[in-house]
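For reference, the structure is listed below as structure tokens.
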Amino acid sequence: MIGLLLTAASVWLRPAAAQDAQPDPQGAPQVFIETVANQALARIRADGSVRAGDRARINRAVDELILPYVDFEKTTRLAAGRHWRNATPEQRQQLAEAFRGTLIRTYSGALTQVDNQTAIQMLPFRGDADAKDVVVSSQFIQGTRPLARVDYRLEKTPDGWKVYDLNVEGIWLIQNYRNQFNQQIQQNGIDGLIQALNTQNSQTSQ
């Protein structure tokens, strides 16, 4: 699901110079998101192995082009909720790494669905330009057919903007995982959640 959110961008509507632009985490959040999407989609379209579903190549593209702009620790901390406070530093590190693998797996599955008609239309920015926490909105389309409304929640860090939550058609990523994490932790503890995530990631990569 979330792979489509950051990779489906309207490259075909833009001149070559815009496609080659590098993401600027210190710039305007809407331009930042759109540039990350353009860069990722350009890589997908240029790499036949990615389009053919080569998981290793897809994972590499996601790891290089998308994940550097995601705040894994904050996303994991918010998804774990109150359980994060009870986790040891080692458990926090292991959980964040396992959840990182889950996000890569989610992105990777979505990238195989991208084609030449995949696009994102950025919607007007309605937030405070000087705010440190903003929501950037877009509409995911395929050809001329609208598929989903997508919102990105970003925080301005010392390193620039970082995405830490996504909303697809009214479902926020963190809230969705928080419910799953809470149930798993109550049943099997934090170590059980870490093991379950790693098992799922391992099975998908095979």
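Just so you know, residue 1 is the first one in the sequence shown, and it goes up from there.
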**OP:** Quick one: pull up NE2 in His83 and CZ in Arg92 and give me the separation to the nearest 0.5 Å.
**Re:** 13.5 Å
**OP:** Answer whether the closest heavy-atom distance between the side chains of Arg82 and Asn182 falls below 4.5 Å.
**Re:** yes
Original post:
Are Leu197 and Leu95 close enough that some pair of their side-chain heavy atoms sits under 4.5 Å apart?
Top reply: yes
Subject >> Closest non-hydrogen atom pair, Ala80 against Phe181 >> reply: N-CD2, 4.0 Å
**OP:** Quick one: closest heavy-atom pair of Ala79 and Tyr177, and the distance?
**Re:** CB-CB, 4.2 Å
Subject >> Glu73: partners by side-chain hydrogen bond (donor to acceptor under 3.5 Å, both in side chains), with sequence neighbours left out >> reply: none
**OP:** Answer yes or no: does atom CD of Gln26 have more than 12 heavy-atom neighbours from other residues, nucleotides or ligands under 6.0 Å?
**Re:** yes
**OP:** Using the rule that two of Ile, Leu, Val, Met, Phe, Trp, Tyr join whenever any of their side-chain heavy atoms come within less than 4.5 Å, decide whether Met122 and Leu166 are in one cluster.
**Re:** yes
**OP:** Compare all side-chain heavy atoms of Leu123 with those of Arg149 and state whether any distance is below 4.5 angstrom.
**Re:** yes
Subject >> For Ser137 against Asp151, the heavy-atom pair lying closest together >> reply: OG-OD1, 2.8 Å
Original post:
Does some side-chain heavy atom of Val31 sit less than 4.5 Å from a side-chain heavy atom of Phe125?
Top reply: no
Original post:
With side chains defined as the heavy atoms from C-beta onward, is the minimum distance between Trp84 and Thr76 less than 4.5 Å?
Top reply: yes
**OP:** Following the transitive rule for hydrophobic clusters with a side-chain heavy-atom cut-off under 4.5 Å over Ile, Leu, Val, Met, Phe, Trp and Tyr, establish whether Trp172 and Phe72 coincide in one cluster.
**Re:** no
**OP:** Let me see the working for Gln183 and Asn179 under side-chain hydrogen bond (donor to acceptor under 3.5 Å, both in side chains), right down to the final yes or no.
**Re:** CA-CA 6 Å; Gln183 182 178 11; Asn179 295 335; over 6 Å; no
Original post:
With side chains defined as the heavy atoms from C-beta onward, is the minimum distance between Arg153 and Asn167 less than 4.5 Å?
Top reply: no
**OP:** Mind listing the closest non-hydrogen atom pair of Asp165 and Ile174 along with its distance?
**Re:** OD1-N, 3.0 Å
**OP:** Report yes if some heavy atom in the side chain of Asp24 is under 4.5 Å from a heavy atom in the side chain of Thr35; otherwise report no.
**Re:** no
**OP:** Return yes when atom CD of Gln93 has more than 12 non-hydrogen atoms of other residues, nucleotides or ligands closer than 6.0 Å, and no otherwise.
**Re:** no
Original post:
Closest heavy-atom contact between Trp161 and Ala131?
Top reply: CH2-O, 3.4 Å
Subject >> Nearest atoms (heavy-atom pairs only) where Asn201 meets Ala98 >> reply: ND2-O, 3.1 Å
Original post:
Do Gln184 and Asn188 meet the criterion of a side-chain donor-acceptor pair at a distance under 3.5 Å?
Top reply: yes
**OP:** Evaluate whether atom CD of Glu155 has more than 12 neighbouring non-hydrogen atoms of other residues, nucleotides or ligands under 6.0 angstrom away.
**Re:** yes
**OP:** Rounded to the nearest 0.5 Å, what's the gap from CZ on Arg178 to CD1 on Ile185? Could you check?
**Re:** 11.5 Å
**OP:** For the residue pair Ile33 and Tyr69, establish whether any side-chain heavy-atom pair is separated by less than 4.5 Å.
**Re:** no
Original post:
Who passes ring-ring contact (aromatic ring centres under 6.0 Å, His included) against Tyr164, sequence neighbours left out?
Top reply: none
**OP:** Taking Thr199 for its side chain and Gln195 for its backbone only, find out whether a donor-acceptor pair lies under 3.5 Å.
**Re:** yes
**OP:** Give a yes or no answer on whether the side chain of Lys156 reaches the backbone of Lys162 with a donor-acceptor pair at less than 3.5 Å.
**Re:** no
Original post:
Does a salt bridge link Asp63 with Arg100, judged by any charged N lying under 4.0 Å from a carboxylate O?
Top reply: yes
**OP:** Quick one: pull up CG in Leu103 and CD1 in Ile66 and give me the separation to the nearest 0.5 Å.
**Re:** 10.5 Å
Original post:
Is there a donor-acceptor contact under 3.5 Å from the side chain of Asp47 to the main chain of Arg43?
Top reply: no
